[in-house]
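Working notes, structure below.
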Amino acid sequence: MARPVRPSSLLWGLFVVLGGTALALRLRLPRHPALLWITAAMLLLLAWRMLSLLQGWRRGLLPGTRLLLPAVILVEGLGLILTSSSDGVLKIRLGTALALEFLLVALAVRAWRRAEAFPGTWPEDRIALAFEALVPPRAARLLALELVMLGGAMRFLAGGFRHPALPGFSHHLESALRGFLPALPLLIPGDVLFLKVVSSGLALWLRWVLHGSTVYAVVWLFGFYASLKARPHQIREGMVYLHLGLMKSVAFPARLVQTAAPLPDFDDDWARHAHLKGVEKLIAKGAPVLELSLSEPVRVLGLLGPGRPALRLAVSCDDPSAFLAALGRPCA
């Protein structure tokens, strides 16, 4: 039976559609009269969402700080519509926006500092719990993952690549990313020139966005590789701990593993795709892959939280024989 669409999901779906339409018009027809109406509709949806958050706060279902970020966006959006208003209105709007933004930054810094006091094995879990005071749980987890990913990239580039890997069953040594990263700096100049040619007719702010996204993608790849190295698979005290860097993780008793074997060879990609349908994948491209079948379903923790129950897992590992031996199922 299909789950009903929640009102909040419908609201944010409309918000995304309107935002995409506004961006397309902004790029092609910056002075199109429909932009004003689309902006007004988006602000109306945001105000509606704030009313529902306010009701949740009054009922004690969420902290009042969750109202802060939507309020900042709403005030800034009203500023776009009221640009032709009197100086007094603009000063009030600017002062309100600055006050809300200052409070938001102060609370975010406070949440970051208090994150160490929250329970959790990994830093992103503690940071996400702290940030839930400001944004919804899924958004808090995404923010926490990005912060930890970028922090890991900075440490890795500052010399962390020299640190030995943690004990466990690695899957970064055979990954394709390991061979690609050293060549990445050589590709950046060509990518910058290509973007300059392609984006020569675009607005200056959009060109900066494109260049910034390129830099961010490069840093993110280093952070992802660093997380692969920092979080190997482990089997200890009767438990199996599997990771795909910061992207995915799962833990379950080793007794649940019914079968474990290398992924078979396939004649084509279609056969591989059919075999892996419904399988949760914790795979670093390029490394050998094992398939685990479980007696009970488990939920893999991903970017937005736990996924669907799964009875089969595909797991990459640099040394499949050692991993299978630790599970008590040596290679035949």
Side-chain angles (χ1 to χ4, degrees), residues 112 115 120-128 131 137-192 195 209-234 240-251 263 276 279-290 299-307 310 313-320 323:
W112 176 272
T121 305
W122 301 107
E124 64 270 17
D125 296 331
R126 298 192 294 270
I127 295 171
F131 278 7
R138 289 187 176 184
R141 179 166 177 79
L142 280 176
L143 286 172
L145 286 170
E146 291 301 311
L147 287 172
V148 175
M149 189 80 79
L150 294 177
M154 296 298 105
R155 288 192 297 270
F156 182 78
L157 293 172
F161 57 89
R162 301 188 187 94
H163 297 165
L166 294 178
F169 303 94
S170 67
H171 57 157
H172 69 283
L173 296 175
E174 298 293 333
S175 68
L177 193 56
R178 184 170 187 250
F180 175 70
L181 287 181
L184 194 57
L186 301 177
L187 303 177
I188 293 177
D191 185 69
V192 171
L195 282 178
V209 169
L210 289 174
H211 288 299
S213 62
T214 301
V215 174
Y216 181 83
V218 170
V219 175
W220 195 93
L221 285 175
F222 278 102
F224 179 56
Y225 179 77
S227 69
L228 284 179
K229 182 178 179 180
R231 302 187 184 191
H233 308 311
Q234 293 184 327
V240 179
Y241 301 90
L242 305 176
H243 302 277
L244 182 61
L246 287 169
M247 305 293 286
K248 293 182 179 181
S249 65
V250 64
L263 196 68
L276 292 177
V279 177
E280 278 286 357
K281 306 173 188 66
L282 295 91
I283 299 175
K285 297 293 185 181
V289 179
L290 298 171
R299 291 180 180 267
V300 176
L301 184 63
L303 289 176
L304 299 178
L313 305 173
V315 184
S316 58
C317 188
D318 291 329
D319 191 348
F323 185 85

message = Quick check against the 3.5 Å criterion: does Arg141 have a side-chain atom that pairs as donor or acceptor with the backbone of Gly302?
response = yes
message = Whether the side chain of Lys281 engages the backbone of Val279 through a donor-acceptor N/O pair (distance < 3.5 Å, no angle test) should be reported.
response =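 Side chain of Lys281 to backbone of Val279, a donor-acceptor pair under 3.5 Å: yes, one is there.
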inquiry  = Test of understanding: with side chain to side chain donor-acceptor pair (under 3.5 Å), list the residues that count as partners of Glu174, not counting sequence neighbours.
reply    = none
key: Min side-chain heavy-atom separation Glu124-Leu246 under 4.5 Å   =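 Of all side-chain heavy-atom pairs linking Leu246 with Glu124, at least one is under 4.5 Å.
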Could you tell me which non-hydrogen atom of [X] sits nearest to which non-hydrogen atom of [Y], and how far apart they are?
X      : Y      : result
Ala314 : Leu276 : CB-CD2, 4.4 Å
Ala251 : Tyr241 : CB-CD2, 3.6 Å
Ala284 : Leu244 : N-CD1, 3.9 Å
Leu290 : Pro320 : CD2-CB, 3.7 Å
Pro167 : Pro232 : O-CG, 3.5 Å
Ala287 : Asp318 : CB-OD1, 4.1 Å

What distance separates [X] [atom1] from [Y] [atom2], expressed to the nearest 0.5 Å?
X      : Y      : atom1 : atom2 : result
Phe156 : Ser227 : CZ    : OG    : 10.5 Å
Asp319 : Ser170 : CG    : OG    : 8.0 Å
His243 : His233 : NE2   : NE2   : 8.5 Å
Leu242 : Lys248 : CG    : NZ    : 12.0 Å
His171 : Arg231 : NE2   : CZ    : 10.5 Å
Met149 : Leu221 : CE    : CG    : 9.5 Å

query = His172 vs Tyr225 aromatic rings, parallel, tilted or perpendicular, using cut-offs 30° and 60°?
reply = perpendicular
Whether Phe169 and Phe323 hold their rings parallel, tilted or perpendicular, with breakpoints at 30° and 60° =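 Perpendicular, since the angle between the ring planes exceeds 60°.
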